[in-house]
Peer 1: 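Here's a structure for you.
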2 protein chains.
Amino acid sequence: MPVTLQDVADRLSVSIATVSRALADVPGVAPATRLRVLAAAEEMGYHPNVMAQRLQKRRTDTLGFIIPTFGPRFSDPYFSELLAGIGNEAAEHEYDLLVSTRAPGTEELALYERVVKERRVDGLLVVRTRRQDARIAYLIEQQFPFVAFGRSDLEGDFPYLDVDGQAGLEELMAYLVAQGHRRIAYVSAPLNLMFANYRLAGYREALSRAGLPYDESLVVTGGLTDMDGYEAGREFLQRANPPTAIIAGNDLMALGVMSAAQELGLRVGRDVSIAGFDDISLAELAHPSLTTLRQPIYQIGQRICDMLLCLLNGTAPEVSQVLLKPELIVRQSTGRVG
Amino acid sequence: MPVTLQDVADRLSVSIATVSRALADVPGVAPATRLRVLAAAEEMGYHPNVMAQRLQKRRTDTLGFIIPTFGPRFSDPYFSELLAGIGNEAAEHEYDLLVSTRAPGTEELALYERVVKERRVDGLLVVRTRRQDARIAYLIEQQFPFVAFGRSDLEGDFPYLDVDGQAGLEELMAYLVAQGHRRIAYVSAPLNLMFANYRLAGYREALSRAGLPYDESLVVTGGLTDMDGYEAGREFLQRANPPTAIIAGNDLMALGVMSAAQELGLRVGRDVSIAGFDDISLAELAHPSLTTLRQPIYQIGQRICDMLLCLLNGTAPEVSQVLLKPELIVRQSTGRVG
DNA sequence: ATTATACTCGTAAACGTTTACGTTGTCAAG
DNA sequence: CTTGACAACGTAAACGTTTACGAGTATAAT
């Protein structure tokens, strides 16, 4: 039903090869013929069959992005923005984006294997790296092109982009200490996630630099959601000797901590200081607005997508391991210890 | 490099057709041979080349989902959840999901045309329907399979699933009126979006049922983001005679309105009542928690995906136009007029 | 005039599948 | 022993491209 190269060729009484060449704008076709072909193709409504092209070219012109999710809901605003960045950048370069969501685990790995083995995509984007990340280990072993958002503790080199969570937390802590805080609690993301380790390390490093002791009881490792932050915050703030400041491993949890504080009648920013990490759009709009470490997530999406495209096109090796510094954004949710 | 049917066939000294048949589990191959083939394929690490399959079968086994976004950021938690629902359901049925993001406009339509013409996907999911929706008009004209989330004001029938925003708003308004509210403001989403019209219609219908006048000055049509809600809320609440309740067209805007109210020193739920629409996960966690109309977004994603799959497989025509009722969730952000 | 060079184009072989059709062989019924 | 049916398998043609190679023609150089 759809019009093919053959149809156009027949109409013009030329060979299918000529039509192909004319359309692909490769040399070897007389300018006059090229114009005739272009006109005919346009008029007949010719559109290439991409599957045929892909089979022949042995590339899919498609990037893969498998979003790790816990439970059915993944409202994490973080991913939507990352997706937008990746998607728009991919589109810019005429690449399709294949998206799947899967909870971490064996099914997830099986999906990676299928995608790789069946050559559904040319390259993959791996996000939220984990300790001994099986996905990365697999991709390295298969020598499959990919770029990760986040570093890893595995042997072997691979291209990644990461935000320096350790440096970020050190800066945030220094700021809080300068505000007079001495009992600073930390709500960590699950420690099997690489970023959680770096941020925790930054927290500890800052403590020792400030000459403060590391108090286990001030660190709790929760999940990733607002609900987790809420529960941790509630627990911290109901203690006999509560912390004067609480840092959460991400903004969503920080917002949860804020909820808990407010529910207990505390004035956030005065009675207790609260800070997060990410700077999702709600951080600015929360009441009070949230002090946080900004990661330019949209741009990160663009960037890792770009890195992957370079890798695929063999252009400019460039720097393949990038470390960005998050930006401390001080807002109303933190203040001098009162 | 990768193993093909030919390789397996050679190894067993059978024809490539036999291998294909054995693997596809179609009749016409001796049980013994089938086992030999299966074993060899497994051992050799054979994986079908999906592009070849797709070319030959003339289907892509891929669904398309083009996310409409405004500006670079689309933090709308709404879409991430919808995406998860769609993605998981598609995966369940062995379908790939092709995702793009594009701002509404001519480029967006061009993308639809390309996707359709080049047969990149078997079917499309259209969300956030608009007045005189050009996407839908095009797909109907091309007779391309699709399912919409949201109705339309176009001629012609098409499969859709929608949440009854009008009924929802009527219920919410009835509740607020019962709480003694008489001056109820409404922050609408852009009126070129179908859902915004239905919700506004519900608002007006409820007013007239309650014998209340429709006061233009109490309705403002903003955007979709928390920022838009913030600005609208600020404007309403700084008036000489402010409304006692404000309804926003979605939760994100409602949270913005709440911020504005709190910034002005108002106690939300007592001095002013605020309600939204969607029930995103932050609604429950906001402080105070947000009264809203719940749409089961994840399930909606699954459902429209399912409807599309049925359509593609020609199975069970079923009911192809579904209207769900949103559920009113009363929380702390609304209360008796004080 | 001859040869070389460049350009234009067609032929045909790939890419890796699926599947209609034909061939061969086996076995039971006549 | 012949015939027919049926099962198991192979051959080959598709699906719609891209591209190496070669053939043919025109132009320039000798």
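Values in this document were obtained by computation on a predicted structure and should not be read as measured data. Per chain, numbering begins at 1; letters A, B, ... match sequence-line order.
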Peer 1: Please enumerate all protein N or O atoms sitting under 3.5 Å from an N or O of nucleotides 24-26 of chain C, with distances to 0.1 Å.
Peer 2:
none

Peer 1: Does the side chain of A:Leu63 come within less than 4.5 Å of A:Leu98's, by heavy atoms?
Peer 2: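 No, their side chains stay 4.5 Å or more apart.
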Peer 1: Restricting to pairs with a member in residues 140-150 of chain A, which pass salt bridge (Lys or Arg N to Asp or Glu O under 4.0 Å), not counting sequence neighbours?
Peer 2: none
Peer 1: Hey, what bend do you get for the helix from C:dA1-D:dT30 to C:dG30-D:dC1 if you fit axes on five pairs at each end, rounded to 10°?
Peer 2: 60°
Peer 1: Side chain to side chain donor-acceptor pair (under 3.5 Å) with B:Gln302: which residues, sequence neighbours excluded?
Peer 2: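 Counting only residues at least two positions away or on another chain, B:Gln302 forms no side chain to side chain donor-acceptor pair (under 3.5 Å).
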Peer 1: Any donor-acceptor pair under 3.5 Å linking the side chain of B:Thr129 with the backbone of B:Met194?
Peer 2: no
Peer 1: I need the residues from residues 39-49 of chain B with at least one non-hydrogen atom less than 4.0 Å from DNA chain D; give them sorted by number, or say none.
Peer 2: none
Peer 1: Show me the pairs that pass salt bridge (Lys or Arg N to Asp or Glu O under 4.0 Å) and involve residues 84-101 of chain B, at least two apart or across chains.
Peer 2: A:Arg114-B:Glu94, A:Arg120-B:Asp96, B:Arg54-B:Asp96
Peer 1: Could you tabulate the donor-acceptor pairs under 3.5 Å formed by side-chain atoms of residues 33-46 of chain A, not counting sequence neighbours?
Peer 2:
from    : atom 1 : to      : atom 2 : distance (Å)
A:Thr33 : OG1    : A:Ala30 : O      : 3.3
A:Arg34 : NH2    : A:Val26 : O      : 2.7
A:Arg36 : NH2    : A:Leu12 : O      : 3.4

Peer 1: Which residue lies toward the 5' end of DNA chain D, B:Ser13 or A:Ser20, if each is placed at its nearest nucleotide?
Peer 2: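 Result of the comparison: B:Ser13.
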Peer 1: Check this for me: A:Arg303, atom CZ, are more than 12 non-hydrogen atoms of other residues, nucleotides or ligands nearer than 6.0 Å?
Peer 2: no
Peer 1: Extract, from 5' to 3' on DNA chain D, the first and final nucleotides lying under 4.0 angstrom from some heavy atom of chain B.
Peer 2: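 Nucleotide range with atoms under 4.0 Å of chain B: D:dA8 to D:dG16.
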Peer 1: Between B:Arg119 and B:Glu113, is there a side-chain N and carboxylate O pair less than 4.0 Å apart?
Peer 2: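 The answer is no: the pair does not qualify as a salt bridge.
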Peer 1: Tell me, please, which residues at least two apart from B:Arg58 pass salt bridge (Lys or Arg N to Asp or Glu O under 4.0 Å).
Peer 2: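 Residues passing salt bridge (Lys or Arg N to Asp or Glu O under 4.0 Å) with B:Arg58: none at all.
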Peer 1: Please check if the side chain of B:Asp153 supplies one atom and the backbone of B:Gln132 the other of a donor-acceptor pair under 3.5 Å.
Peer 2: yes
Peer 1: A:Phe65: which residues meet the ring-ring contact (aromatic ring centres under 6.0 Å, His included) condition with it, sequence neighbours left out?
Peer 2: none
Peer 1: Test of understanding: with salt bridge (Lys or Arg N to Asp or Glu O under 4.0 Å), list the residues that count as partners of B:Asp162, not counting sequence neighbours.
Peer 2: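 Partners of B:Asp162 under the salt bridge (Lys or Arg N to Asp or Glu O under 4.0 Å) test: B:Arg151.
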Peer 1: How is B:Thr4 classified with respect to the nucleic acid when contacts are heavy atoms under 4.0 Å: base, sugar-phosphate, or nothing?
Peer 2: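 Sugar-phosphate contact only - B:Thr4 comes under 4.0 Å of backbone atoms but never of a base.
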Peer 1: What pairs of nitrogen or oxygen atoms, one from the protein and one from nucleotides 4-9 of chain C, lie under 3.5 Å apart?
Peer 2:
from  : atom 1 : to      : atom 2 : distance (Å)
C:dC9 : OP1    : A:Thr33 : OG1    : 2.8
C:dC9 : OP2    : A:Ala30 : N      : 2.8
C:dC9 : OP2    : A:Thr33 : OG1    : 2.8

Peer 1: Between A:Arg128 (side chain only) and A:Phe195 (backbone N and O only), is there a donor and an acceptor less than 3.5 Å apart?
Peer 2: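 Flag not set: sc A:Arg128 to bb A:Phe195 has no pair under 3.5 Å.
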Peer 1: When you measure from the side chain of B:Asp122 to the backbone N and O of B:Thr60, does any donor-acceptor pair fall under 3.5 Å?
Peer 2: yes
Peer 1: Of the options B:Tyr138, B:Phe144, B:Phe146, which is the one that meets B:Phe158 in a ring-ring contact (aromatic ring centres under 6.0 Å, His included)?
Peer 2: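 Per the ring-ring contact (aromatic ring centres under 6.0 Å, His included) rule, the option paired with B:Phe158 is B:Phe146, out of B:Tyr138, B:Phe144, B:Phe146.
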